[in-house]
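See structure below.
The structure displayed is predicted, hence computed values, not measured ones. In what follows, every chain begins at residue 1, and chains take the letters A, B, ... in the order their sequences are listed.
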Amino acid sequence: NAGVTQTPKFQVLKTGQSMTLQCAQDMNHNSMYWYRQDPGMGLRLIYYSASEGTTDKGEVPNGYNVSRLNKREFSLRLESAAPSQTSVYFCASSDSFGQGEGYTFGSGTRLTVV
Amino acid sequence: AQKITQTQPGMFVQEKEAVTLDCTYDTSDPSYGLFWYKQPSSGEMIFLIYQGSYDQQNATEGRYSLNFQKARKSANLVISASQLGDSAMYFCAMREGRTGFKTIFGAGTRLFVKA
């Protein structure tokens, strides 16, 4: 099915470990995003990529890095995981200036840092 | 700074009745878009409806309509003829024209539909 694919779906890390969350979309969208969802706080933007070759910080970028590998793929890396990074992570994509088009989201990654 | 406020943490509605979920926003950008998303208990995020700041008419998508009151900076979601499958979290979101790519989300409202 066309859409946004995130891997893994679940992950448990120890404090200080690193990992990369993978995201791929097959909708030919230019823009891709990483959000985190915490209880009572909605979704907060970590990083985004307006188009292939560009990335920018969002609202909560500290502790994360991203790579826009190509038009399809946008990965999120935690270099040294902390318990505060326990969250549900969503990748999303959209057309660059499609104001009328909402995001297409991946199914999410539930990350627990112990 | 842009801001989205959803003041109803939880709402109950009887099946087949209509329900309104509140959303207020704040922005100084005259060009912006407002969105509503649904998150069922399974966790995925589903785009429901969009309203542009220059749109003259309220947006509608099936049983969903967006009650857009620009002067009051409100963008309430109205769900008509509620169904049990409407039980979910609902998020209001806004994208400013000048930032282009950043969409901010409210804290959400959990809707419970009673049989």
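- In this structure, no portion of A:Lys9 lies under 4.5 Å from any heavy atom of chain B.
- Rounding to the nearest 0.5 Å gives a distance of 11.5 Å between OH of A:Tyr33 and NZ of B:Lys102.
- Residue A:Glu59: no heavy atom, backbone or side chain, is found under 4.5 Å from chain B.
- One distance of note links CZ of B:Phe105 with CE of A:Met41; it measures 14.0 Å at 0.5 Å rounding.
- Atom NZ of B:Lys3 sits in a sparse spot, with 12 or fewer heavy atoms from other residues, nucleotides or ligands closer than 6.0 Å.
- The closest side-chain heavy-atom distance from B:Gln39 to A:Phe90 is below 4.5 Å.
- With contacts defined as side-chain heavy-atom distances shorter than 4.5 Å, the pair B:Tyr37/A:Leu43 does not qualify.
- By the criterion of side-chain heavy atoms lying less than 4.5 angstrom apart, applied directly or through intervening Ile, Leu, Val, Met, Phe, Trp or Tyr residues, A:Tyr47 is not grouped with B:Ile104; the two fall into different hydrophobic clusters.
- Of all residues in residues 103-114 of chain A, those placing a non-hydrogen atom less than 4.5 angstrom from a non-hydrogen atom of chain B are A:Tyr103, A:Phe105.
- Separation of atoms OG (A:Ser94) and CZ (B:Arg95) is listed at 5.0 Å; rounding is to 0.5 Å.
- Under the 4.5 Å side-chain heavy-atom criterion for grouping Ile, Leu, Val, Met, Phe, Trp and Tyr, B:Phe68 is connected to B:Ile49 within one hydrophobic cluster.
- B:Leu48 and B:Leu34 fall within the same hydrophobic cluster, defined by Ile, Leu, Val, Met, Phe, Trp and Tyr side-chain heavy atoms under 4.5 Å apart, directly or through other members.
- The nearest pair of heavy atoms linking B:Ala107 to A:Gly40 is CB-O, 3.5 Å.
- If you chain together hydrophobic residues whose side chains sit under 4.5 Å apart, B:Leu77 and B:Val13 fall into the same group.
- Both A:Tyr35 and B:Phe35 belong to a single network of hydrophobic side chains, linked directly or stepwise wherever heavy atoms of I, L, V, M, F, W or Y lie under 4.5 Å apart.
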